[in-house]
Protein chains: 2
Amino acid sequence: MRGIIRTGLDHLSLVRKDNSEHDFSFSQVERLTNKLNQTPQRITAETVAEAAKVSRAAVSRAFNPDAPLKPEKRASILRIAEELGYVPDRAARALVTRRTHLVGVIVPDVCSPWESQEIDALTTALQAEGFATLLFKTRTDFSMDETLLAYMRGFNPDSVIAFTENVRPHVLTRYLDRAVPIYINYLMDEEPADGLRAREPEALYDRIDVDQWEGMEQAVALLAGYGCRRIAYLSGKRDSLAEQARRRTLAALMARRGLPPPTIIPGDFSYDAGHAGTLDLFRVGEGADAIFAANDESAFGALDALRYELKRRVPEDVKVVGFDDISQSHWRSYNLTTVKVDLEARIRALVRLILRRLKDPAAPALSETVRTRLVVRGTVG
Amino acid sequence: MRGIIRTGLDHLSLVRKDNSEHDFSFSQVERLTNKLNQTPQRITAETVAEAAKVSRAAVSRAFNPDAPLKPEKRASILRIAEELGYVPDRAARALVTRRTHLVGVIVPDVCSPWESQEIDALTTALQAEGFATLLFKTRTDFSMDETLLAYMRGFNPDSVIAFTENVRPHVLTRYLDRAVPIYINYLMDEEPADGLRAREPEALYDRIDVDQWEGMEQAVALLAGYGCRRIAYLSGKRDSLAEQARRRTLAALMARRGLPPPTIIPGDFSYDAGHAGTLDLFRVGEGADAIFAANDESAFGALDALRYELKRRVPEDVKVVGFDDISQSHWRSYNLTTVKVDLEARIRALVRLILRRLKDPAAPALSETVRTRLVVRGTVG
DNA sequence: CGCCAAATTGAAAACGTGTTCACTTTTCGG
DNA sequence: CCGAAAAGTGAACACGTTTTCAATTTGGCG
């Protein structure tokens, strides 16, 4: 570890007023500097072993709960280690155990509310299990290229979670050819044409299924109940799998109720695209009774376009439904009716699967299903 | 590396339609499984050395641009390494160089728009420099406790950036006593009472100063120009240093123009607190001509309370100014006038300082200043 | 008290790299 | 063409752990 940068905002007179505390910090820095210049003597297991009059192996065992060691000896070692401020070096440990306790997370855009919620929940969960989140950014076009994969591989994460899509097959191939254990998780979200919830025929890998049928069905039922017939679908990014699944599900649900197929508004999950697309639909296109957006953020854009530019009342003239239920959706200006994915459950399942697979790479594949449900707020009804 | 989990949403018929591609993936997984079960033979520098008919040291040198090695030999080694898919093991490398190329980032809440923007920008910048972001979450009360610090220390990050405050002195002490090079960065934001921009008397550590005086002065000037006298300040979290700096700066600026001191609305940077605090001010308290919020998110809460619950027109009856200029601020429903911090410049400076300090721990301390300016939108004028 | 099994322990060998230090080869001026 | 300086190279060690394996201690039971 090399440095702490404190980016909190401070202010000079505050520093002066609380003299003792801050002088303290200064002297610490100086002490540190001195220390740095003289002896960079590191505290290692050897140091602890000498202090505790045991072997280095015993120290190692003291920190690995499963290793055999007489309880009182372990306690004694841990106490001394605590006093000395010893912490096992993860780099050295990783070198021999082949476990870094790092989980690589790939996202196109940390700022997106939905993604930031996922990162937040995931980080919390991983932290509780002794892991840490290693964050990587792709381009925002959802592509995950070979360069990034190789770059990340250098950090040896124990597992990789890609909140992005379109891993090109040849990239994956190269990756797998490295003798890297990989399991891929496809989510299945649509009730297929035959009316049965389909399951993968073979369970080759761990998987989390998000059952988006349920929540979307509730939404369509509600809209239909209000007499909406012309429901437009505000798309997400074309190449996103989430987008495709949601679009198909909506089409299937509407067909089932004898409604005309949805008008497709092109979009990319962003506020601006939702705004522009909605303007187009009503100015150039044929309008709609309701807009079903691929995510909440673009629903906000649609909502603002309807209210401010197009002077329509929501929900009286046009109804709007989103997808995700991000925290902004309950804000008074939007108060969006939306399909909520149980994020907590999803992340819990994710972490559970990771840990299980890490513990036993040969365990049989498992799949878990996460539900969705409609949250009714002000933009419908 | 152990696994890739793909959390994109997929859907069964899609899988079936694009048969070739997905069969491909399946077979990959199987090949992998086989590989895993037979020989987990890792590709190491030794492997490459044999293939290239050079020593292992040469391979190491090939990957360290500064090490002496005949150019053509380096090229040849790199080519063969590429073919074999060899990447130097960072754990082993870290063990000897004491550099992990990890930068620990501590945040209370990834979901907060401002913080997620910082994380996003920082991750991008670090990635470009060969580093990776290691993310940790504190409690949302801005405190950074000893447990987390110790936990993070185990990962040996080269540097730590704490987007949170209130490191308790004894925690810091323990931390420094580990012979860990640390530099602390206080930001200084207020024009002090004597009217001069104060500077730290001694440059003991690298530092980034955010000059929030400039942008806030523009905001107050604009408000005063519209005849606002009773300006309320919507606070952030009490113990946040940013909060304290902004409050003092506002008070100083208003005093300078002979305006009465601002009414303080308690808050915590959140939408809900902004909403509730504003309701209180107007229902129980004395109201105001304008509200200056500690950040944009709470300004949104104030705005919604004014418009929907209190039936005031913004900006005609009451004006609102925020701080940060997050991406939501340009959304049509809010269209917030706000003080913009030059985030890009701030992150660039941050990364520059980190890299410089890492390269040369003994370099003289440096400070950089980041400016702020007012972005005028619809909530004032 | 004596014996065998079980529990506990320490020495030493990995793990995969960077780096020092001699040694060899190349370069270059004369 | 010679010598010296420079450049390039490889063997061996260090980094701080975990883990194997053999040795030692402990405990139970007759």
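Keep in mind that this is a model prediction, so the values were computed, not measured. Quick note on labels: first sequence line is chain A, next is B, and so on, each numbered from 1.
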Does the dG10(C) base have a donor-acceptor partner in the side chain of Arg61(A) within less than 3.5 Å?
-> yes
Could one point to a donor on the side chain of Arg56(B) or the base of dT17(C) with an acceptor on the other under 3.5 Å away?
-> yes
Closest to the Arg93(B) side chain: dT17(D), dT17(C), dT9(D)?
-> dT17(C)
With the side chain defined as heavy atoms from C-beta on, Leu69(B) is closest, among dG16(C), dT19(C), dT9(D), to dT9(D)
So, is Thr97(A) near the phosphate of dT18(D), with a side-chain N or O under 4.0 Å from OP1 or OP2?
-> no
Regarding the side chain of Lys70(A), the nearest nucleotide among dG10(D), dG16(C), dT26(D) is dT26(D)
Picking from dT9(D), dG16(C), dT9(C), which would you name as closest to the side chain of Pro68(B)?
-> dT9(D)
Using the closest heavy atom to pick a nucleotide of DNA chain C for each, name whichever of Glu46(B) or Ala57(A) lands nearer the 5' end.
-> Ala57(A)
Looking only at side-chain atoms of Pro88(B), point me to the closest of dT18(D), dA11(C), dT17(C).
-> dT17(C)
Of all the nucleotides listed (dG10(D), dG18(C), dT18(D)), which has the minimum atom distance to the side chain of Val96(A)?
-> dT18(D)
Please determine, for the side chain of Leu95(B), which listed nucleotide (dT19(C), dC15(D), dG8(D)) has the closest atom?
-> dC15(D)
Separation of atom CG in Asp89(B) from atom C1' in dC15(C), rounded to whole Å = 9 Å
Taking the side chain of Ala92(B) as heavy atoms from C-beta outward, which of dT17(C), dA11(D), dT18(D) is closest to it?
-> dT17(C)
Thr44(B), nearest nucleotide to its side chain (from dA11(C), dT19(D), dT17(C)) | dT17(C)
